[in-house]
Amino acid sequence: MPQSVPSLPRRVARMLRTSLFAQVGVALVLGIVVGRLWPDTATTFQPLGDGFIRLIKTVISPLVFCVVVVGIAKAGNLKAFGRIGLKALIWFEVASTAALLIGLVAANVFGPGSGMNVDPSKLDTSAVDAKTAGGELPTTSEFILNALPQSAIGAFAENALLQVLVLACLTGAALLHLGHTKVPKILPAIEQAQEVIFAIVGFVMKLAPLAVFGAMVHLVGEYGLGVMKTYAKLIILCYAVAAAFLVLLGVALKLMTGLSLWKFVRYTRAEMLLALGTASSESVMPRMMQKLRQAGARDDAVGLVLPTGYSFNLDGASIYLSIGTLFIAQAVGVDLSLSQQVTVVLVLMLTSKGMAGIPGSAFLALSATASSLGAIPAGAVALLLGVDRIMDSMRVVTNLLGNCVAVFAVSKWEGALDTDRAKKMLDGEIEFVEEEDELGKPPAKAESEADAEADAGEGTPVEAEVSALSKGETKEAASGVS
């Protein structure tokens with residue numbers, strides 16, 4: 001009997017029902033359209049994006065704690081964990097310094113602020129103060145002290161990832177020291193808590209399209225598209241440099257692990273689009289941890305490298321800060337010497353490490369850099385107020401990919417990467433399975449398998465469900481949700 005081909009509307013409906021990437025993509029386009037046509041609704045839809053990010057942030061700290069503790073306990077080697085941390089810091093420093101240097105060279109070559117002839121005395125600097133909320137970047141000693149927990153509960157309540165990592169390392173080390181015979185129920189309890197958290201993440205991710213829609217309406221409605229014309233040269237340069245940097249990261253990943261960065265982007269395309277739409281890399285951290293683990297990276301490497309990278313490896317921010325500093329100098333007519341530009345790199349190497357989680361941190365870093373040079377008026381950073389939000393997408397995606405590459409590279413360096421599994425996963429030979437499906441029930445059917453059944457004329461979704469139930473399968477398998 002010849003197979004019937006489903007109609008185009010049915011195929012589109014099935015894709016929208018089963019593909020997070022398609023759902024987020026449609027929400028992104030709709031958000032841009034609504035924000036453009038009805039800009040007055042910008043603040044109305046903003047809570048959709050903000051609420052989603054709040055829900056995700058709720059589970060980040062306990063998830064990081066569980067993954068790191070389980071990773072250390074199962075690896076059974078605290079020294080190996082220490083080596084992973086040291087190698088991660090080395091990778092972070094090299095990568096972020098390279099990002100700073102590439103941005104600096106590009107700004108010198110293309111001169112995005114040349115010819116603007118801005119009078120800094122006429123700039124409104126009060127908006128910068130409002131953006132930074134009167135805060136300041138921590139000193140090196142303060143940064144180190146802030147990484148040490150003052151209260152176990154406080155570390156989780158404040159979502160202080162570095163403090164949570166310290167607590168997780170201590171807990172994992174204690175479990176190794178005591179052994180499974182003295183505390184036999186602790187590790188299984190933490191593993192079960194981890195599975196519950198991943199299940200919660202699965203529930204929250206169903207709201208991702210609404211979050212992207214709300215965030216895009218707010219962005220387009222609040223800031224408009226006109227700013228892109230005013231700062232076109234700066235925006236194009238930052239995004240082009242970020243793309244070039246990612247190509248270099250891809251080459252480094254290929255040389256170290258044999259993996260393709262492009263295939264990884266395709267593997268995580270839904271998460272990338274969600275981070276792009278919400279302008280928050282934290283919104284996809286739990287899902288990225290799932291996907292990196294299933295792509296062959298060991299739990300302890302994923303649990304340590306990825307969260308630490310959120311504080312130490314801000315490649316996108318480094319590109320923006322180096323180009324932004326020279327843009328400001330060029331716009332106000334200041335010609336920085338080579339020694340001053342070296343100072344820019346050195347200052348940004350320090351200030352970029354303490355930016356995570358601080359309101360207006362980019363402007364604080366730029367102001368600190370301008371003050372250290374003494375040649376650029378500190379108030380001139382107000383020039384970037386109009387374009388800063390447009391740069392979020394570049395910073396978020398570059399930061400996120402940089403940290404994921406770091407996980408693979410450090411894992412390979414430490415021998416904590418199953419390269420064969422990683423290649424098969426990125427090639428699509430192994431399907432990604434939601435962590436919640438591992439809680440004692442059969443894994444959801446792969447999307448490609450469900451599509452094949454629909455193409456064979458399985459009938460309506462209700463008929464498919466009845467057929468699946470008669471075979472003892474789950475409802476999720478019948479609808480093709482993975």
Side-chain angles (χ1 to χ4, degrees), residues 60-97 140-141 143-150 152 155-156 160-191 193-194 252-253 255-259 285 288-290 292-313 353 402-422:
I60 286 178
S61 290
L63 177 60
V64 168
F65 178 83
C66 291
V67 170
V68 172
V69 171
V70 171
I72 294 176
K74 286 190 172 181
N77 189 344
L78 196 59
K79 291 183 179 179
F81 196 73
R83 288 198 306 270
I84 290 174
L86 178 60
K87 291 173 180 178
L89 292 177
I90 293 172
W91 177 274
F92 294 158
E93 193 57 50
V94 171
S96 57
T97 302
T140 303
S141 58
F143 179 74
I144 294 173
L145 284 176
N146 289 339
L148 302 177
Q150 192 171 6
F156 287 94
L161 285 186
L162 291 180
Q163 295 183 15
V164 171
L165 278 172
V166 172
L167 285 172
C169 291
L170 292 174
T171 304
L175 286 176
L176 283 179
H177 176 70
L178 294 173
H180 299 307
T181 55
K182 290 186 177 180
V183 283
K185 296 182 179 180
I186 297 296
L187 185 58
I190 295 175
E191 287 184 293
Q194 175 180 289
L253 179 65
L255 292 175
M256 288 195 68
T257 66
L259 302 179
M285 182 195 284
M288 279 300 190
M289 294 180 78
Q290 285 179 288
L292 287 166
R293 292 167 69 201
Q294 292 195 31
R298 209 168 64 196
D299 285 7
D300 52 348
V302 174
L304 180 62
V305 179
L306 190 64
T308 307
Y310 273 62
S311 295
F312 285 92
N313 192 39
K353 299 297 182 292
N403 288 326
C404 291
V405 169
V407 171
F408 281 126
V410 174
S411 297
K412 180 66 175 180
W413 191 1
E414 180 56 28
L417 177 65
D418 185 344
T419 307
D420 290 338
R421 178 178 175 83

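Each residue takes its place number in the sequence, starting with 1.
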Nearest atoms (heavy-atom pairs only) where Val407 meets Ala297: CG1-CB, 4.0 Å
Smallest separation among heavy atoms of Val164 and Ser61, with atom names: CG1-O, 3.5 Å
Residue pair Cys66 / Ala193: nearest heavy atoms and the distance that separates them: SG-CB, 4.2 Å
For the student: nearest non-hydrogen atoms of Val69 and Ala168, plus distance: CG2-O, 3.5 Å
Distance-minimising heavy-atom pair for Gly303 and Val68: O-CG2, 3.1 Å
Separation of Phe312 CZ from Glu93 CD (nearest 0.5 Å): 9.5 Å
Derivation of the side-chain contact (heavy atoms from CB on, under 4.5 Å) call for Asp300 and Ile84: CA-CA 8 Å; Asp300 52 348; Ile84 290 174; 3.7 Å; yes
ring-ring contact (aromatic ring centres under 6.0 Å, His included) partners of residues 73-93, not counting sequence neighbours, each pair once: none
Minimum heavy-atom distance Val166-Pro149, with the two atoms named: CG1-CD, 3.8 Å
Distance (rounded to the nearest 0.5 Å) between Met288 CE and Cys404 SG: 4.5 Å
Side chains of Thr171 and Phe65 in contact at under 4.5 Å (non-hydrogen atoms): yes
Value rounded to 0.5 Å, distance of OH in Tyr310 from CD1 in Ile60: 7.0 Å
Side chain to side chain, Met285 and Val64, heavy atoms closer than 4.5 Å: yes
CD-CG distance between Gln163 and Leu148, expressed to the nearest 0.5 angstrom: 7.5 Å
Inter-residue atom distance Leu175.CG - Leu170.CG, 0.5 Å rounding: 11.0 Å
Test side-chain contact (heavy atoms from CB on, under 4.5 Å) applied to Thr308 and Val305, Leu306, Leu304, the passing residue: Leu304
Gln150 atom CD, neighbour heavy-atom count above 12 within 6.0 Å: no
CA sep, side-chain torsions, deciding dist, call: Leu259, Lys412, side-chain contact (heavy atoms from CB on, under 4.5 Å): CA-CA 11 Å; Leu259 302 179; Lys412 180 66 175 180; over 6 Å; no
Val70 backbone acceptor or donor facing Glu191 side chain under 3.5 Å: no
Distance, nearest 0.5 Å, that separates CD of Gln294 from CE of Met289: 13.0 Å
Intermediate values then yes/no, side-chain contact (heavy atoms from CB on, under 4.5 Å), Thr257 and Leu417: CA-CA 9 Å; Thr257 66; Leu417 177 65; 4.1 Å; yes
Backbone N/O of Val302 and side chain of Arg293: donor-acceptor pair under 3.5 Å: no
side-chain contact (heavy atoms from CB on, under 4.5 Å) partner of Asn313, the single match among Val94, Leu89, Asn403: Asn403
